[in-house]
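Report on the structure given below.
Throughout, protein chains are lettered first and strands after them, A, B, ... in sequence-line order, and every chain is numbered starting at 1. This one's a predicted model, so the numbers in the text were calculated from it and none came from an experiment.
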Number of protein chains: 2
Amino acid sequence: MKLKDLAEHLQLSQTTVSRALNGYPEVAEETRRRIVEAARRFGYTPNAAARRLATGRTGSVAILFPAERNLLVDPHFSDFLAGLAEKFGEADMDLSLKATRKTEELDTYRHLATMGRVDGFIVSSPRSHDERLSLLAGLNMPFAVHGRSQDGLDFPYFDIDNEGAFRQATELLLDLGHERIALLNGIRELNFAQAREEGFRLALAGRGLSADPELIFNGPMVEEMGYRQTCHLIDRPAPPTAVLAASVLLAFGAYRAARDRGLTIGRDISIIAHDDGLPFLKAETLEPPLAATVSSIRNGGYRLAEILLGRIAGKPASELQEVAPVDLVFRPSVGSARK
Amino acid sequence: MKLKDLAEHLQLSQTTVSRALNGYPEVAEETRRRIVEAARRFGYTPNAAARRLATGRTGSVAILFPAERNLLVDPHFSDFLAGLAEKFGEADMDLSLKATRKTEELDTYRHLATMGRVDGFIVSSPRSHDERLSLLAGLNMPFAVHGRSQDGLDFPYFDIDNEGAFRQATELLLDLGHERIALLNGIRELNFAQAREEGFRLALAGRGLSADPELIFNGPMVEEMGYRQTCHLIDRPAPPTAVLAASVLLAFGAYRAARDRGLTIGRDISIIAHDDGLPFLKAETLEPPLAATVSSIRNGGYRLAEILLGRIAGKPASELQEVAPVDLVFRPSVGSARK
DNA sequence: CCCTTCTCCCAAAGCGCTTTGGAGAAAGCA
DNA sequence: TGCTTTCTCCAAAGCGCTTTGGGAGAAGGG
């Protein structure tokens, strides 16, 4: 059943039926009721392709990820994706997932954009200077970024206060008397890792200290990484008294390392992490409970979806930039530095 | 730049240009060359919405997942998804991801189908009797199932030989003298878990043994689960001498439990698992290396995507049913039963 | 009572592509 | 040479919806 049939059956024009169904004001309430009722009875649903062609809106957005490094197995990314999927689902928009080789990444953006296959893009894991942003801006394609970038562009984004979070966490450790603090961080190229390191450095500088490059590690945020680096750290001549980790996954590895080495967490070594709220690995249920700066990454996906929708609806970028504050939750995995 | 402009510029009709670009035979090679060249020069790309409307094909497929139980954080699912995304990307099809509440699941399928928003669906985690299959069959919507189902329907699917794999693995353990064998399995409702249990039972029955219900566990396939159940098992009065796990994640937990209890894996307790080839957790690099039945789940996604594409292209279901054999790889995590 | 302003609805023009049904020219056949 | 095929290409009809530009009649204003 198509619009034409429905209109004929109601003895009305397609125009009126279309307007009634789309909630335009220029149709009498009584008529609208009749139309809506008939549409329901006949199970009429507008054809998506026709609507797309007529309106120029596709009702879908895309997110690309590198095919070789399978981001999907990174639970941080998956959880973020779940937040996106939830919001876009609510808005009845399609979220399409694209695996693409690094070398073809920009072409894929361009391809999808010029074919008019999407209304916008979600850009994740921005690097400090990211070609994708200028490309999309140049194509005049709406996009929203998870995180920020140093490019001078004015674009919509959602980010958490990574710098502030790590500054606070570091200050907490400093207040507890720690001076040799290690940082287990994400991959250096990614913007959020840089912000976190910056917060770490700022806190140290505030006390007249400077970061020891030997205590800073960058790498993938997986358990194994946390384990290995912490083992190294503990085995040093002057091991750090505290570890600041960029993910609960890293902290989890650090826990394992501390146990292996017979250290009591919270007493012999303090551990604090950033907690993205991954559902299967809760900071509060670790033993001992893990102190953390918390901010749900899934919720971030949800918010970022709202932001992209706002952008597509025409809001200016300046109104679509959000930096969520991060709470610091104290738990027994941190204690005062042993003298 | 649209088709019309291009045609006018070339002094040809839209028909000819369209045909040339889509590889139809009724256009002279020389003309085609000119057209293709001009299209490239002007950067012409056909508009997706218009093409969709004209052809009736949307160029996109969808996969739904339950919003409450976030399947995305399950690495088995994510890796499967990566395989799908890869193949659909190669075919230049959109793969759209939909979070949906369980109660609205069927409606969402219907909604997307009747609006003509997708050409087909990927159905994952089928239950033994699954309403989704009959709904989609009734809507006359192409779909492809990851796994099988007991419904009498004839539909395209990709599955691995779960029953055979677990029969083989169990037989291996039996050959090594094990008689008290525990099974750590996935959630009971899911078809693959049933097939695995069936294989397990068949192998036992082949030796005149029957499965001890107290040694069979169903649950989510996560590390924690493997750990907890294995602890219970080891603490029993007559602990099993071998454990058969449905995932490397479960086996990983079993390893941890065995170590905690001071057991040597491969000597005091044998462990064997099904290995989906998750990239971050390799059976061969565990200590000791884990014996396993192997079959890449990512590859399964890739194959299933091919199958759905075949279905959309009109192939009959009977030609699109694949059961991949599973290899059994012997490694030191299994040894003969201690007398 | 006439004129303006709403209110409610309509006809028709796109949106940009594919595809049907020919038609003219060139080539093959007798 | 006359006639049938085969090659190439074209005009135009959709695909099913939204939206523009009115228009008729009712309501309100002076």
Open item on the list: Using whole Å, what does the distance between atom C1' of nucleotide D:dA12 and atom CG of B:Leu12 come to?
Closed with: 17 Å

TODO: Among the candidates C:dC17, D:dG16, D:dC17, find the nucleotide nearest to the side-chain atoms of B:Leu53.
DONE: D:dG16

Open item on the list: Is the phosphate of C:dG16 approached by B:Lys2 (side-chain N or O, under 4.0 Å from OP1 or OP2)?
Closed with: yes

- [ ] Using a cut-off of strictly less than 4.0 Å, decide whether B:Tyr24 has a side-chain nitrogen or oxygen near OP1 or OP2 of C:dT20.
- [x] no

Open item on the list: Given C:dT19, D:dG16, D:dG14, identify the nucleotide with an atom nearest to the side chain of B:Thr55.
Closed with: C:dT19

TODO: For C:dC10, take OP1 and OP2 only and decide whether either is under 4.0 Å from a side-chain N or O of A:Thr15.
DONE: no

TODO: Starting from P on C:dT7, measure out to CZ on A:Arg19 and report it in whole angstrom.
DONE: 14 Å

Task: First encountered from the 5' end of DNA chain C, between A:Ala28 and B:Met1 - done: A:Ala28

Task: Shortest non-hydrogen contact between A:Leu71 and A:Ser125, atoms and distance - done: CD1-OG, 4.4 Å

Task: Whole-Å gap separating P (D:dT18) and CG (A:Leu3) - done: 7 Å

TODO: Could you say whether A:Thr45 or B:Pro25 is positioned toward the 5' end of DNA chain D, judged by the nucleotide with the nearest heavy atom to each?
DONE: B:Pro25

Task: Phosphate OP1/OP2 of D:dC17 contacted by A:Ser18 side-chain N/O (<4.0 Å) - done: no

Task: Phosphate-side-chain proximity, B:Thr31 and D:dC9, N/O vs OP1/OP2 below 4.0 Å - done: yes

Open item on the list: Heavy atoms only, 4.0 Å cut-off, all strands: where does B:Gln11 land among base, sugar-phosphate and nothing?
Closed with: sugar-phosphate

Task: Side-chain donor-acceptor contact under 3.5 Å, B:Tyr109 with B:Glu131 - done: no

Task: Closest approach of A:Met141 to A:Phe121 (non-hydrogen atoms, all atoms of both residues) - done: CG-CE1, 3.9 Å

TODO: Return the orientation label for the A:Phe42 and A:His9 ring planes: parallel under 30°, perpendicular over 60°, tilted otherwise.
DONE: perpendicular

TODO: Using side chain to side chain donor-acceptor pair (under 3.5 Å) as the criterion, point out the one residue from A:Arg34, A:Arg40, A:Arg33 that pairs with A:Glu37.
DONE: A:Arg40

Open item on the list: How many whole angstroms separate atom CG of B:Leu10 from atom P of D:dT8?
Closed with: 18 Å

Open item on the list: Parallel, tilted or perpendicular: which one describes the rings of A:Tyr157 and A:Phe155, with boundaries at 30° and 60°?
Closed with: perpendicular

Open item on the list: Rounded to whole Å, please give me the gap between CG in A:Asp5 and C1' in D:dG16.
Closed with: 10 Å

Open item on the list: Under 4.0 Å from OP1 or OP2 of C:dC9: is there any side-chain N or O of A:Ser13 that close?
Closed with: no

Task: Rounded distance in Å - CZ (A:Arg34) to P (C:dC8) - done: 14 Å

Open item on the list: Nearest whole Å is fine: how far is C:dC17 P from B:Arg57 CZ?
Closed with: 15 Å

Open item on the list: Expressed as a whole number of angstroms, how long is the span from A:Met115:CE to C:dC17:C1'?
Closed with: 11 Å

Open item on the list: Under 4.0 Å from OP1 or OP2 of C:dT18: is there any side-chain N or O of B:Asn22 that close?
Closed with: yes

TODO: On DNA chain C, check which nucleotide each of A:Gln14 and B:Gln14 is closest to and give me the residue with the more 5' one.
DONE: A:Gln14

